[in-house]
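Structure, as structure tokens:
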Amino acid sequence: MNFNLNYDNVAESYLFAEVANRVAKYQKAHPDKKVLKLGIGDVTLPLVPAVISALHSAVDEMSRAETFKGYGPYEGYAFLRESIAGYYKKMGVTLNADKEIFVSDGAKSDLGNILDIFSDDNVVLVPDPVYPVYVDTNVMAGRKVIYADATEKNGFLPMPDYKVDADIIYICSPNNPTGAAYTKAQLKEWVDYANSKNAVILYDAAYECFVSDDNLARSIFQIKGAETCAIEFCSLSKIAGFTGTRCGYTVIPAALERKGFNAGKAWLRRQSTKFNGVPYIVQKGAAAVFSEEGMTEIRQNLSYYARNAKLISECLDELGVWYTGGKNSPYVWLKCPDGMKSWEFFDYLLENAQVVGTPGAGFGKNGEGYFRLTAFGSEQVTKEAVQRIKSLLKK
């Protein structure tokens, strides 16, 4: 018997666990200090009334024999898949609800689990800095990971290099952690590159709901040619506050095939073997997200977070601090002042202003010297944190 020793190559501590550990130590030593958290991208607003109503209704259905639901379809109930297809239709993207949409418990798990359908000898290209899950899940499988440098010089939006050969390409736009977002023209270059290399793009669209600029893509399937080279992952965590309710979906075009191997069919086979689906109650709540009433209420929540992002951005503008994101994204990626290192600035901000963010170094080597703040805090916390940051950095 041998364990998977690839786990020895994964960073011992998950970034956000280390952040939580440092904050806990500080709070224990300073119980009188109020700590304001703008670090982890967790939402703070409750589920909207339309979703709550649907959840209650579904609970009632589960109490009656004639409407009780047991095991559901592995790919998700048709009513939810059709609702998601309708949402994409408004973006100008036509999807087959029966064959191309797969409901899951969130984008994070699907981004890791999708690797089951790929060979372990595939070369993986990820941007640096990057959401740690993209790297860690491939390292666990023993794949070779190479990096596309995302830097201040290219606006943290690396473009394809045809001298580099890759099989799997990760793209997140709007990006976590940097908040930077690709234009449709830039994504077309990535689609053309992937098709030319016979590669597959794993496109994380978890933050698409924050995009308001028509020049930016909300789905990679708005780009011609993506249907033969891309898989899209999306989550209801940020658009609808489902971080604790858990529901998302993956879109795999029927046209995505290699040598007769159909990606969508393989994914469904994988899911039917290893996954029993999302609870009926949760899927009913998720379907309400895409209703007219649900979307009206959700837009108010998204506006709330957008105002928080604007508060943070205006603070940094006033201080003359370089940043990206904050517009079309809930994240603000700032350059640490006075040449500070990422963890140095984390400790400085925690100790002197009692404000928590996320050190950029935790997202990769190019994140060193940068820092992420999130707009998902409450308005009150965000306003107070901004004032503390402003008072501290003006010194």
Side-chain angles (χ1 to χ4, degrees), residues 1-22 24 40 71 74-75 102-149 164-172 176-177 194 197-204 206 229-233 235 246 248 250 252 256-278 343 358-359 361-368:
M1 191 285 297
N2 290 306
F3 287 112
N4 180 357
L5 298 184
N6 290 311
Y7 276 71
D8 288 339
N9 300 320
V10 178
E12 188 172 333
S13 176
Y14 187 51
L15 169 62
F16 298 106
E18 175 61 20
V19 168
N21 182 51
R22 292 197 186 199
I40 295 177
Y71 290 124
Y74 295 112
E75 65 270 49
F102 304 85
V103 177
S104 72
D105 60 358
K108 182 178 181 179
S109 54
D110 274 10
L111 281 159
N113 293 333
I114 195 71
L115 297 173
D116 282 3
I117 73 170
F118 293 99
S119 171
D120 287 348
D121 61 1
N122 282 325
V123 175
V124 180
L125 178 65
V126 297
D128 180 340
V130 69
Y131 182 43
V133 170
Y134 306 159
V135 175
D136 290 353
T137 50
N138 280 287
V139 171
M140 289 171 182
R143 289 189 184 86
K144 180 182 179 181
V145 178
I146 58 176
Y147 296 90
D149 285 326
V164 175
D165 292 323
D167 304 304
I168 300 172
I169 303 161
Y170 283 85
I171 295 177
C172 178
N176 178 15
K197 297 289 185 179
N198 203 32
V200 171
I201 294 172
L202 303 184
Y203 189 81
D204 187 348
C229 70
I231 297 174
E232 182 161 295
F233 306 83
S235 167
R246 306 310 307 151
T250 292
I252 305 181
L256 184 56
E257 291 190 352
R258 295 291 186 272
K259 298 178 181 179
F261 183 96
N262 185 274
K265 289 180 180 178
W267 178 241
L268 180 58
R269 184 69 184 86
R270 186 268 174 206
Q271 293 296 76
S272 64
T273 300
K274 295 187 176 183
F275 184 57
N276 268 330
V278 177
W343 282 106
T358 309
F363 297 101
K365 67 178 179 64
N366 289 330
E368 182 59 88

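For reference, positions follow the sequence shown, starting with 1.
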Is a donor on one side and an acceptor on the other found under 3.5 Å between the side chain of Asp128 and the backbone of Lys365? yes
Can you check whether Gly142's main-chain N or O pairs, donor with acceptor, with Asp120's side chain at less than 3.5 Å? no
Step by step, would you call Asn113 with Trp267 a side-chain contact (heavy atoms from CB on, under 4.5 Å)? CA-CA 9 Å; Asn113 293 333; Trp267 178 241; 3.8 Å; yes
Roughly how far, to the nearest 0.5 Å, is CD1 of Ile252 from CZ of Phe233? 7.0 Å
Side chain Arg143, main chain Val135, donor-acceptor under 3.5 Å: no
Can you name the residues that form a salt bridge (Lys or Arg N to Asp or Glu O under 4.0 Å) with Lys144, not counting sequence neighbours? none
For Ala166, which residues count as a side-chain contact (heavy atoms from CB on, under 4.5 Å) partner, sequence neighbours excluded? Leu125, Ile169, Tyr193
From Tyr134 atom OH to Asn176 atom CG, the distance as rounded to the nearest 0.5 Å: 6.5 Å
Show, in sequence, the C-alpha distance, side-chain angles and deciding distance for Leu115 and Met140, and conclude whether the side-chain contact (heavy atoms from CB on, under 4.5 Å) test is met. CA-CA 11 Å; Leu115 297 173; Met140 289 171 182; over 6 Å; no
For Arg246, all residues meeting side chain to side chain donor-acceptor pair (under 3.5 Å), sequence neighbours excluded: Ser237
Closest contact, heavy atoms only, Phe363 versus Phe16: CZ-CZ, 4.1 Å
By salt bridge (Lys or Arg N to Asp or Glu O under 4.0 Å) - contacts of Lys197 (at least two apart): Asp165
For Arg22, check salt bridge (Lys or Arg N to Asp or Glu O under 4.0 Å) against everything at least two apart and list the hits. Glu18, Asp347
Asp167: side-chain contact (heavy atoms from CB on, under 4.5 Å) partners, not counting sequence neighbours: Asn122, Val123
Nearest 0.5 Å, please: how far is CD in Gln271 from CD1 in Ile114? 7.5 Å
Please list, chain by chain and in numerical order, all residues satisfying ring pair (Phe, Tyr, Trp, His ring centres under 6.0 Å) with Tyr147, sequence neighbours excluded. none
Does Phe275 have any ring pair (Phe, Tyr, Trp, His ring centres under 6.0 Å) partners at least two apart in sequence or in another chain, and if so, which? none
With rounding to the nearest 0.5 Å, note down the distance linking CD1 in Ile168 to CZ in Phe118. 5.0 Å
d(Ile117 CD1, Ile231 CD1) to nearest 0.5 Å is 4.5 Å
Contacts of Thr137 meeting side chain to side chain donor-acceptor pair (under 3.5 Å) (sequence neighbours excluded), chain-then-number -> none
Which atom of Ser109 lies closest to which atom of Asp105, heavy atoms considered: OG-OD1, 2.5 Å
For Lys259, all residues meeting side-chain contact (heavy atoms from CB on, under 4.5 Å), sequence neighbours excluded: none
Can you sort out the partners of Asp116 under salt bridge (Lys or Arg N to Asp or Glu O under 4.0 Å), two or more places apart, ordered by chain and number? Arg270, Lys274
Does CZ in Phe261 sit with more than 12 non-hydrogen atoms of other residues, nucleotides or ligands closer than 6.0 Å? yes
Considering residues at least two apart in sequence or located in another chain, which fulfil the side-chain contact (heavy atoms from CB on, under 4.5 Å) criterion with Tyr74? Leu268, Ser272, Asn276
Pairwise distance CG(Asp136) to OH(Tyr7) - rounded to 0.5 angstrom: 10.0 Å
Does a side-chain heavy-atom distance below 4.5 Å link Val130 with Cys172? no
